[in-house]
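Just so it is clear, the structure is predicted and the values come from calculations on it, not from any experiment.
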Amino acid sequence: MKFDDVILGRRSIRGYKPDPVPRELIAEIIALAMRAPSSMNTQPWNFYVITGEPLDRIRAGNTERMVAGIPQSREFRTGQGFAGPHRDRQVGVAKQLFSAMGIARDDKEGRQDWVLRGFRQFDAPVCVIVTYDRVLDGSDDTPFDCGAVATALVNAAWSRGLGAVINSQGIMQSPVVREHAGIADDQVIMKSIALGWPDESFPANAVVSERKSVEEATVFVGFEN
């Protein structure tokens, strides 16, 4: 694929085929992703790639704890709830997804099932946990760099025919993830990425989230009109 085709064509995939993803292909994608820039070349990121039974145990543990009402324990700051235009965009994409899936506003069971899909990593055959070195905790550059490598990873995956979605639900119960993924104590869990072959028959996979215009997002300074 050409670069523009990858960027413009990529979308978040929330429904996957059960087919396994070769380890060699994942390693190739990670190698490409790690060409992402980082602050002063610190390269703070590490990856735990999980599949099979360990991933099933994480899915089950996440779901059981969330259904039981155990408070989430993500290891990064989430800040206050969204408001204003940020909340509007959050609600907007939710409406797009619920519409595609045929989930009505008053369908509590359907909405709950959709939420639990996130805790199950959208039933993808592979989960990539992005972590960073704990000695860098407290630096705003570090999560910024992890965002860069995560973006590069999902784009590299798309260029190889794979789908992905960056999410937080899969790591909301960090003790579960740490236990079954064997994450080292010197690592902080940053994000999770569901990865696999897209199921083109899954309605939500057709959703393309809206984007702000260049005019809305950009201030040009020093240019002639």
- Message: If you count heavy atoms of other groups shown closer than 6.0 angstrom to CZ of R23, is the number above 12?
- Response: no
- Quick check: does any side chain N or O of Q43 sit under 3.5 Å from a backbone N or O of S38, one acting as donor and the other as acceptor? no
- Task: Report yes if some heavy atom in the side chain of R117 is under 4.5 Å from a heavy atom in the side chain of F119; otherwise report no.
- Result: no
- Message: Measuring only between side-chain heavy atoms, which start at C-beta, is S168 closer than 4.5 Å to K191?
- Response: yes
- Test side-chain contact (heavy atoms from CB on, under 4.5 Å) on I189 and R178 and set out the steps. CA-CA 9 Å; I189 299 173; R178 282 192 169 278; 3.8 Å; yes
- Message: With heavy-atom distances below 4.5 Å as the criterion, would you say the side chains of P175 and R65 are in contact?
- Response: yes
- Message: Can you confirm whether E109 is buried at CD, in the sense that more than 12 heavy atoms of other residues, nucleotides or ligands lie under 6.0 Å from that atom?
- Response: no
- Kindly indicate whether the side chain of M1, heavy atoms from C-beta on, has any atom under 4.5 Å from the side chain of W158. yes
- Counting only N and O atoms by type, is there a donor-acceptor contact under 3.5 Å from the side chain of S73 to the main-chain atoms of M172? yes
- Indicate, with yes or no, if L195 and I129 share a hydrophobic cluster defined by side-chain heavy-atom contacts under 4.5 Å among Ile, Leu, Val, Met, Phe, Trp and Tyr. no
- Item | Side-chain heavy-atom pair V165, I13 within 4.5 angstrom cut-off | no
- Message: Hydrophobic clusters here meaning ILVMFWY residues chained together by side-chain heavy-atom distances under 4.5 Å, can you tell me if V207 and W114 are in one?
- Response: yes
- Message: Determine whether a donor-acceptor pair (N or O, by modelled atom type, separation under 3.5 Å) exists between the side chain of Q187 and the backbone of A184.
- Response: no
- Query: Do you reckon I171 sits in the same ILVMFWY cluster as Y48, going by side-chain contacts under 4.5 Å, direct or chained?
  - Reply: yes
- Query: Does N46 use its side chain to pair, donor to acceptor, with the backbone of T131 at less than 3.5 Å?
  - Reply: no
Please report, to 0.1 Å, the donor-acceptor pairs under 3.5 Å made by any side chain of residues 80-95, with sequence neighbours excluded.
unit_1, atom_1, unit_2, atom_2, d
R87, NH1, Q90, OE1, 2.7

- Task: Show the numbers, then the answer: is there a side-chain contact (heavy atoms from CB on, under 4.5 Å) between R14 and L97?
- Result: CA-CA 10 Å; R14 297 175 174 86; L97 292 168; 3.7 Å; yes
- Task: Could you tell me which non-hydrogen atom of P198 sits nearest to which non-hydrogen atom of K17, and how far apart they are?
- Result: O-CE, 3.4 Å
- Considering non-hydrogen atoms only, spot the tightest contact between C127 and L55 and give its length. CB-CD1, 3.6 Å
- Which pair of non-hydrogen atoms, one from R211 and one from S209, has the smallest distance, and what is that distance? NH1-OG, 2.6 Å
- Query: So, do V149 and F47 sit near enough that their side-chain heavy atoms are less than 4.5 Å apart?
  - Reply: yes
- Message: Whether K2 and D5 form a salt bridge (side-chain N of Lys/Arg under 4.0 Å from carboxylate O of Asp/Glu) is what I want to check.
- Response: no
- Query: Do V177 and M190 belong to the same hydrophobic cluster, where Ile, Leu, Val, Met, Phe, Trp and Tyr are linked whenever their side-chain heavy atoms lie under 4.5 Å apart, directly or via other members?
  - Reply: yes
- Taking a hydrophobic cluster as the set of Ile, Leu, Val, Met, Phe, Trp and Tyr residues connected by side-chain heavy atoms closer than 4.5 Å, whether directly or through intermediates, do M34 and L153 fall within one such cluster? yes
- Task: Kindly give the heavy-atom pair with the smallest separation between Y16 and P125, and that separation in Å.
- Result: CB-CD, 4.0 Å
- For residues G161 and W197, report the shortest heavy-atom separation together with the two atoms involved. O-CE3, 3.5 Å
- Are the side chains of L162 and I29 in touch, meaning some heavy atoms are under 4.5 Å apart? yes
- For the residue pair D145 and P37, what are the closest heavy atoms and their distance? OD1-O, 4.3 Å
- Message: In the structure I gave you, are the side-chain heavy atoms of V126 and V49 within less than 4.5 Å of one another anywhere?
- Response: yes
- Quick check: does any side chain N or O of R111 sit under 3.5 Å from a backbone N or O of A104, one acting as donor and the other as acceptor? yes
- Message: side-chain contact (heavy atoms from CB on, under 4.5 Å) for Q121 and I58? Distances and angles first, verdict last.
- Response: CA-CA 9 Å; Q121 284 290 329; I58 290 174; 5.8 Å; no
- Task: Check the pair N155 / I7 against side-chain contact (heavy atoms from CB on, under 4.5 Å), numbers first and verdict last.
- Result: CA-CA 7 Å; N155 284 328; I7 299 301; 3.5 Å; yes
- Ion pair R11/E200, N-O distance below 4.0 Å: yes
- Side-chain donor/acceptor of S174 to backbone N/O of R74, under 3.5 Å: no
- Query: Is it true that a side-chain atom of N205 and a backbone atom of D199 form a donor plus acceptor pair closer than 3.5 Å?
  - Reply: yes
